[in-house]
Number of protein chains: 2
Amino acid sequence: MGTREDLIEVATRLLDNGGVPAVTLREVGRLAGVSHNAPYKHFADKQALLAAVAARDLERHSMLIQQAVRRKRSAKAALSEAMGRYIAWALEYPERFRLVFGRWTTESPELTAAAETAQAGLVGLVEAAQASGALPAGDPVRLASLVRSVAHGAADLAATGHLSATGKGHAGPEQLVDDLLTYLETAAT
Amino acid sequence: MGTREDLIEVATRLLDNGGVPAVTLREVGRLAGVSHNAPYKHFADKQALLAAVAARDLERHSMLIQQAVRRKRSAKAALSEAMGRYIAWALEYPERFRLVFGRWTTESPELTAAAETAQAGLVGLVEAAQASGALPAGDPVRLASLVRSVAHGAADLAATGHLSATGKGHAGPEQLVDDLLTYLETAAT
DNA sequence: ACCTGAACACCGTTCAAGT
DNA sequence: ACCTGAACACCGTTCAAGT
């Protein structure tokens with residue numbers, strides 16, 4: 001129905017194959033059944049369309065993570081599950097992941113808002129885990145940044161093939177996050 | 001002298017401002033004082049030129065890290081210094097960093113080789129730190145992946161402005177790495 | 001071996017015009 | 001309000017030709 005939604009959907013599909021260079025406004029218009037510059041009636045420029053794609057994907061995955069977290073009983077399991085979903089996102093849709101956490105020259109309010117909401121949710125999980133004794137005391141924001149950095153770094157390195165070099169020491173991103181959580185739990189006691 | 005070296009140098013300069021989209025072969029040729037398609041005599045295509053830029057930067061920073069590490073006395077200080085340089089690289093030249101650790105469709109042997117050398121050096125630092133009691137026992141490759149994931153994730157998030165820059169809980173990438181090393185040290189005893 | 005100029009197919013963006 | 005077609009300046013890549 002909405003041409004605007006169609007454009008975002010088509011752009012996301014093109015992004016998944018081929019990456020950002022494959023998202024040409026002409027191809028987006030063509031696949032959406034409009035002229036090659038109809039997108040300019042809905043988005044200021046290509047960057048704005050990509051920002052809409054990124055914001056939409058970030059919101060969607062934040063919701064998926066929140067839903068999965070609610071099903072968990074322990075705070076530690078919830079935190080592990082949240083990071084696991086974060087990593088799965090990066091591995092399944094690496095181009096979207098790289099886009100969302102890429103370098104934005106033009107600021108997108110909806111993208112910033114979605115990122116802040118996701119960050120706040122993670123801090124809440126960390127606070128709950130601290131209260132249950134699964135994480136050491138200390139500034140929860142700082143601890144949340146540490147946990148997310150491991151998840152983000154491991155996911156990014158894995159998605160770009162810079163982590164999974166073969167050999168006996170090979171550990172997947174989820175394992176590395178769980179390693180961290182285990183070390184933190186021993187440090188908490 | 002060498003046109004090939006000039007092309008790499010010019011491309012790096014263009015990359016630092018404007019990112020990958022600003023690296024056009026026509027502008028590279030123009031700034032290097034050759035025709036707009038002379039680069040094709042030295043590189044198969046644009047991707048190959050970018051791979052040469054990335055490999056060169058990775059080798060250079062690996063050397064810088066190794067030099068800095070040799071000046072340190074304790075294994076823990078060396079490891080912290082290495083990760084600090086890694087982070088400084090990401091923050092000072094974010095476009096090069098994103099390029100080096102980006103998604104490569106075409107494989108570049110020299111880039112792969114440089115990455116493996118850097119990884120091996122990090123594992124060596126981790127083993128030394130384990131021997132000195134600063135890090136817990138266990139597979140050094142896996143532990144190195146954990147340390148590098150924090151450094152990589154924190155650096156990438158900071159370079160892209162996604163690491164909660166404001167607020168009391170604000171912690172820089174270096175702090176997060178040191179937080180991890182401290183937790184690991186307590187877990188080692 | 002290295003470089004040039006013309007050419008082709010493409011792309012982002014703008015503009016005047018249409019309903 | 002939304003869309004179209006033509007147009008402009010650009011870009012990656014190829015090719016025939018030059019030294």
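Per chain, numbering begins at 1; letters A, B, ... match sequence-line order.
- Side-chain to base pairing of B/Asn37 with D/dT14: one donor and one acceptor N or O lie within less than 3.5 Å of each other.
- Between B/Asp6 atom CG and C/dC2 atom P there is a gap of 14 Å when expressed in whole angstrom units.
- Listed by first then second residue, pairs satisfying ring pair (Phe, Tyr, Trp, His ring centres under 6.0 Å) with a partner in residues 107-143 of chain B number zero, not counting sequence neighbours.
- Contact annotation: B/His36 side-chain N/O to C/dC3 OP1/OP2 distance is not under 4.0 Å.
- The side chain of A/Thr24 contributes an N or O atom lying less than 4.0 Å from OP1 or OP2 of C/dC11.
- Rounded to whole Å, the distance from CG on B/Leu49 to C1' on D/dG12 is 12 Å.
- Here the side chain of A/Lys46 is nearest to one of C/dT4, D/dT13, C/dG12, namely C/dG12.
- You'll find that the side chain of A/Asp45 is closest to C/dT13, out of C/dT13, D/dC11, D/dT13.
- Rounded to whole angstrom, the span from the CZ atom of B/Arg30 across to the P atom of C/dT4 amounts to 14 Å.
- Checked against C/dT14, D/dC3, D/dT14, the side chain of A/Val34 finds its nearest nucleotide in D/dC3.
- The separation between A/Gln47 atom CD and C/dC11 atom C1' is 16 Å, rounded to whole Å.
- Here the CG-OH distance, from B/Asp45 to B/Tyr40, works out to 7.0 Å after rounding to the nearest 0.5 Å.
- Here the P atom of nucleotide D/dA9 and the CZ atom of B/Arg26 are 14 Å apart, to the nearest Å.
- Residue B/His42 has a polar side-chain atom (N or O) positioned under 4.0 Å from OP1 or OP2 of C/dC3.
- If you measure from atom CZ of A/Phe43 to atom P of C/dT13, you get 13 Å, rounded to the nearest angstrom.
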A/His61/A/Tyr86 under side-chain contact (heavy atoms from CB on, under 4.5 Å): CA gap, chis, key distance, verdict | CA-CA 8 Å; A/His61 281 277; A/Tyr86 187 89; over 6 Å; no

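- You'll find the side chain of B/Phe101 stays beyond 4.5 Å of the side chain of B/Asp156, heavy atoms only.
- C/dT13 atom P lies 13 Å from atom NZ of A/Lys41, rounded to whole Å.
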Could you summarise the pairing of DNA chain C as dot-bracket text, marking Watson-Crick and G-U pairs under 3.5 Å with ( ) or [ ] inside the strand and | across strands?
-> ||.|||||...|||||.||

